[in-house]
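This report refers to the structure that appears directly beneath it.
Bear in mind the structure is a predicted one, so any value in this text is a computation, not a measurement.
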Amino acid sequence: MGTVERQVATASMTNDAQSQVTDGFHLVIDALKLNGIDTIFGLPGIPITDFTRMAQAAGMRVISFRHEQNAGNAAAIAQQGDYEEMDQLAIAKPLCKAAFRVLQAEDIGVGIARAIRAAVSGRPGGVYLDLPAKLFAQTMDASAASKSLIKVVDPAPRQIPAQDAVQRALELLKSAKRPLIVLGKGAAYAQVDTEIKSLIEKTGIPYLPMSMAKGLLPDTHEQSAAAARSYVLPEADVVMLIGARLNWLLSHGKGKTWGGKDHKDWGGQKFIQIDISAQEMDSNVRIDAPVVGDIGSCVSALLAGIGSNWVKPPADWLRAIAERKDKNVAKMADTLAKNPAPMNFHSALNVVRDIIKANPDAILVNEGANALDFTRSIVDMHKPRKRLDVGTWGIMGIGMGFAVAAAVVSRQPVIAIEGDSAFGFSGMEVETLCRYNLPVCVVVFNNNGVYRGTDVNPTGGPDVAPTVFVKGARYDKLIEAFGGVGVHATTPAELRKAMEEAIRSRKPTLINAVIDEAAGTESGRITSLNPKSGEKK
Ligand code: TPW
C-alpha cells in the first residue's frame, strides 16, 4: 500500500466505531473539524508533513505557503491587531541571547555597548535592542551626548582554562586506544586555525568536522574521518569535542549512533569537552574532562602540554578507519559518476564539488533537506569558514540573507545551494542580489516540492498535495525580471557550464537545476525524527 492510501486507511479507521485507538494527528484534525474549522493555512515539513496529508485526506482544505509568515497572515485576516503596538521586547526575549530597551537618549551609548558585549562575548548570539520611537525625538546637549557614548574595550575577552582541567584532559587523551576529535563551528569561529591544525597533526588523532567546521582543515586531509563517520562514532573510546555540542546533531552523545543498545543507551565513550560555556558540560552525557575557556586559549594550553614526544594513536585504529574511508570514498565515486536523466542530487552535486574545488575561496551557502544533507557530505571544503548553512536549528529561509552578506563582506563569489522549498522562504531577495550586482550564483535544486514532488491528493479534489509545488517551475525566470542571469539546467554538463560562467562573470545568477522529483527522502537524513513517516515504512 502506498503512503497516501495507508494514511487514508488510518484516517478512516478513527471514524470506525470498532476502532480503539487514534493518535495525536487525528485528535487535532477531529478537534478542528468539531469546531467548524475546515481550512488550514500552513507549511509542511516534518514533524507535521503527515498531519497536512491526513488533514487533506480527511476532507480539510490544506493550503501550503512558501514561508510561515505568509501562512500566518492568511490565517489572521479575520483578527488583525494593531501591529505598531506590539510588545516586541517581550516577544524577542525568549528568542535572543539578551534583549534590552533604551528609554532615555543619554542611555543609548550604554545600551549599544551592552548589546555588543552580550552578542560577541562568551558564546556569541543574537541580541535584541529595543529603541522606541519616542527615543529618537529626545534632545540632549551635544558634548554630554558625545561623552555618553562607549567604545567597547575587549568585547570578547579571552577566558584562560584552568591548568588542572587541561592536565586532566591530556591524561584521558593519552589513555585512549581509539581516540577521536570532533570539531564544531565554535572551533571555526575561534579563528585559531593554525593552532587547531597543529593540535590535530601533532596528536595524529582522527577528526570529524561538523558542517560549519568543514574546511577548518581541508576536507581532503588524511586524518579526516568524515567518510567513516558511522564507524568512528560507535568505535571511539575517548572523544575530544572542540567547540562542538553534544546536541541532536551528534545524537546527544548516546544511542545507536554511538554504539548504544537503544536510542538512550550510553555507548561507553569518555568525553573531553572544550567549550567557552561551562553550562554546556554534562548537558546530555557525562563529561569526564571539561575544559572551559575560549577555544584559542584551550588549544594553546593543550599544545603546550602535549610537548614533542606525544605517542600517536594505535596503528590498528588508524588502519581500520583508513579501510572504511577507502571503501566509502570508492562507493561514493561510483555513485557520483553516474549520469541519470533527470539529474539526481548526486550527479548535480558532483558538479558543485568540482566548482568549489576549483574556487576554494568561494563561499558556499546551503539550505534545504536533501539539498543540505547531500551537499554537506559530498562537497569538500578546502578553507575555513567558507561554509554557511542552516545551523543547529535547521531554519529554512537563511539562504538569500546569508548570500547577500557573504558577498558584501567577503567580496568573494558566493554559491548558494538551495532546495526549492528552502529557496521559496527568501527568494524575493534575488532582487537585492541584482540591485547591488552581487557575485552570487544561486542554484535551486528543483524537485517540485518540499522534500520531493511526488505526493498526490488522495481525495481526488482540486487542490494538490500539501508538499507539492507547481511542477516544472522556472525559478530562473524570477531573476531575469530584475536583470540577473537565469539558466535552466537539466544535465550536469549544463549545470557545470552555467556555474563556471557565473563565477567568471560575477553576475547575479540563478540556475534552475531540474532534479528528479522522486529523488531524496522525506527530510533528508533526519527522516527518523518524523512521527509517522510514510517513507520509512
Ligand atoms: C522556518 C521544515 C525542513 S526542510 C524543509 C522544510 C520546509 C524544506 C525541504 O524541501 P527543499 O529540500 O528545500 O525543497 P529538498 O532538497 O529535500 O528537496 N520552516 C522553517 N524551517 C524549517 N526547517 C521547516 C519549516 C523544513
Is any side-chain heavy atom of [X] closer than 4.5 Å to a side-chain heavy atom of [Y]?
{"X": "I112", "Y": "I150", "result": "no"}
{"X": "Y451", "Y": "I46", "result": "yes"}
{"X": "L183", "Y": "L217", "result": "yes"}
{"X": "K357", "Y": "H382", "result": "yes"}
{"X": "I181", "Y": "M240", "result": "yes"}
{"X": "F425", "Y": "E367", "result": "no"}
{"X": "N530", "Y": "E522", "result": "yes"}
{"X": "C441", "Y": "V414", "result": "no"}

Stepwise side chain to side chain contact (heavy atoms under 4.5 Å, CB included) test for L372 and I417
CA-CA 8 Å; L372 175 81; I417 303 297; over 6 Å; no
Could you check F271 against W266 for ring-ring contact (aromatic ring centres under 6.0 Å, His included), going step by step and ending with a plain yes or no?
CA-CA 12 Å; F271 288 101; W266 174 50; 8.2 Å; no
Heavy-atom closest pair, residues [X] and [Y]:
{"X": "H221", "Y": "K325", "value": "O-NZ, 3.8 Å"}
{"X": "G126", "Y": "C96", "value": "O-CB, 3.5 Å"}
{"X": "A169", "Y": "V291", "value": "CB-CG2, 3.7 Å"}
{"X": "A227", "Y": "V329", "value": "CB-CG2, 3.9 Å"}
{"X": "R452", "Y": "A519", "value": "CG-O, 3.4 Å"}
{"X": "E418", "Y": "F423", "value": "OE1-CA, 3.4 Å"}

I'd like to know if the side chain of [X] reaches the main chain of [Y], judged simply by a donor and an acceptor atom lying under 3.5 Å from each other, with no hydrogens or angles considered.
{"X": "T335", "Y": "K331", "result": "yes"}
{"X": "K386", "Y": "A362", "result": "no"}
{"X": "D294", "Y": "R158", "result": "no"}
{"X": "N328", "Y": "A228", "result": "no"}
{"X": "K270", "Y": "R286", "result": "no"}
{"X": "S224", "Y": "T220", "result": "no"}
{"X": "W258", "Y": "H252", "result": "no"}
{"X": "S300", "Y": "S297", "result": "no"}
{"X": "R324", "Y": "A225", "result": "no"}
{"X": "Q223", "Y": "I200", "result": "yes"}

Decide yes or no on salt bridge (Lys or Arg N to Asp or Glu O under 4.0 Å) for K383 and D361, but give the supporting numbers first.
CA-CA 7 Å; K383 294 197 174 180; D361 286 311; 3.0 Å; yes
Might you confirm whether atom [atom1] of [X] has over 12 heavy atoms from other residues, nucleotides or ligands at distances under 6.0 Å?
{"X": "E222", "atom1": "CD", "result": "no"}
{"X": "K197", "atom1": "NZ", "result": "no"}
{"X": "R123", "atom1": "CZ", "result": "yes"}

Answer yes or no: is there an ion pair linking [X] with [Y], defined by an N-O contact shorter than 4.0 Å?
{"X": "R387", "Y": "D389", "answer": "yes"}
{"X": "K264", "Y": "D262", "answer": "no"}
{"X": "R496", "Y": "D354", "answer": "yes"}
{"X": "K177", "Y": "D316", "answer": "no"}
{"X": "R101", "Y": "D87", "answer": "yes"}

For [X] and [Y], test the side chains for any donor-to-acceptor distance below 3.5 angstrom and give the result as yes or no.
{"X": "T432", "Y": "E429", "value": "yes"}
{"X": "S198", "Y": "E195", "value": "no"}
{"X": "Q269", "Y": "D237", "value": "no"}

Test side chain to side chain contact (heavy atoms under 4.5 Å, CB included) on V444 and I511 and set out the steps.
CA-CA 6 Å; V444 177; I511 304 169; over 6 Å; no
CA sep, side-chain torsions, deciding dist, call: N350, S347, side-chain hydrogen bond (donor to acceptor under 3.5 Å, both in side chains):
CA-CA 5 Å; N350 187 38; S347 55; over 6 Å; no
[atom1]/[X] to [atom2]/[Y] distance, rounded to the nearest 0.5 angstrom?
{"X": "T194", "Y": "L303", "atom1": "OG1", "atom2": "CG", "value": "10.5 Å"}
{"X": "K312", "Y": "K202", "atom1": "NZ", "atom2": "NZ", "value": "10.0 Å"}
{"X": "T375", "Y": "K214", "atom1": "OG1", "atom2": "NZ", "value": "9.5 Å"}

Decide yes or no on side-chain hydrogen bond (donor to acceptor under 3.5 Å, both in side chains) for N366 and R376, but give the supporting numbers first.
CA-CA 8 Å; N366 192 197; R376 187 177 52 212; over 6 Å; no
Would you sort out whether K185 and T392 count as a side-chain hydrogen bond (donor to acceptor under 3.5 Å, both in side chains), showing the intermediate values?
CA-CA 10 Å; K185 65 172 173 284; T392 312; 3.0 Å; yes
Could you walk me through whether N446 and I515 pass side chain to side chain contact (heavy atoms under 4.5 Å, CB included), step by step?
CA-CA 5 Å; N446 185 358; I515 303 287; 5.8 Å; no
For a side chain to side chain contact (heavy atoms under 4.5 Å, CB included) check, start with the C-alpha distance between I503 and I415, then their side-chain angles and the critical distance, and finish with the verdict.
CA-CA 9 Å; I503 300 265; I415 295 169; 3.7 Å; yes
